[in-house]
Amino acid sequence: MGGGMMSADMMAMMREMMQGQSAMMRGMMSGEGMFGGGRMGQMMSPEHIEGRIAFLRTELKVTPAQEPFWAAVAEALRANAGASEPMMQPASGQTLPSVLETRERALTVRLEAVRRLRAAVEPFYAALDEAQKATADKLMEPMGMM
């Protein structure tokens, strides 16, 4: 995959990801995890996060001057991918209060992930030029992120 070309699989994953946060929230609320199921969930899973980080870094054309800011974003992405693992669907037969507690924990983890990412993204985004910002807006927002 060179010269800025994306494989058909990567394009399909990106298309799914661009469908927005509603699918992610449905997945989270149904217990599928922070990023829902399907290709988006696979791409953001801890096993694939390094590829996602590399893809974003390449597409954003991160400059050497922006690298320290990008490093913080990449670290937040890694932390968030790891934090998504424990969010599992409640086991059948659980009581209503325990199901609600599980969902509350999932939402708390999600809120912490958004806050962690926002803290890293804001200085990085401020260092981007207009073309990079447009790319970031397209590629990063649906991850909810990330």
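As the structure is a prediction and not an experimental result, all values here were calculated from the model.
Pairs passing the salt bridge (Lys or Arg N to Asp or Glu O under 4.0 Å) check and including a residue from residues 117-127, sequence neighbours excluded, read Arg118-Glu122.
Going from atom CD of Glu50 over to atom CZ of Phe55 covers 15.5 Å, rounded to the nearest 0.5 Å. Here the CH2-CG distance, from Trp70 to Leu60, works out to 5.5 Å after rounding to the nearest 0.5 Å. Taken to the nearest 0.5 Å, the CD atom of Glu101 stands 11.5 Å off from the CG atom of Leu96. Taking OG1 from Thr102 and CD from Gln94, the interatomic distance works out to 5.0 Å, rounded to the nearest 0.5 Å.
Scanning for side chain to side chain donor-acceptor pair (under 3.5 Å) contacts around Gln132 gives Gln66, with sequence neighbours left out.
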Could you go step by step and tell me if Leu128 and Phe69 meet the side-chain contact (heavy atoms from CB on, under 4.5 Å) rule? CA-CA 10 Å; Leu128 299 178; Phe69 301 112; over 6 Å; no
What's the verdict on salt bridge (Lys or Arg N to Asp or Glu O under 4.0 Å) for Glu75 and Arg78, showing C-alpha distance, side-chain angles and the deciding distance? CA-CA 5 Å; Glu75 196 52 43; Arg78 287 181 189 103; 3.4 Å; yes
Worked check of side-chain contact (heavy atoms from CB on, under 4.5 Å) between Leu56 and Leu77: CA-CA 11 Å; Leu56 288 170; Leu77 292 172; 4.1 Å; yes
Given side-chain contact (heavy atoms from CB on, under 4.5 Å), test Leu111 with Arg115 step by step and report yes or no. CA-CA 6 Å; Leu111 178 59; Arg115 286 178 174 161; 3.7 Å; yes
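In terms of heavy-atom proximity, Thr95 sits nearest to Ser98 at O-OG, 2.8 Å. In this structure, Ile53 and Ala74 approach most closely via the heavy-atom pair CD1-O, 3.6 Å. Heavy atoms only, all atoms of each residue included: Ala120 and Ala76 are closest at CB-CB, 4.0 Å.
Within a 6.0 Å sphere centred on NZ of Lys133, other residues, nucleotides and ligands contribute more than 12 heavy atoms.
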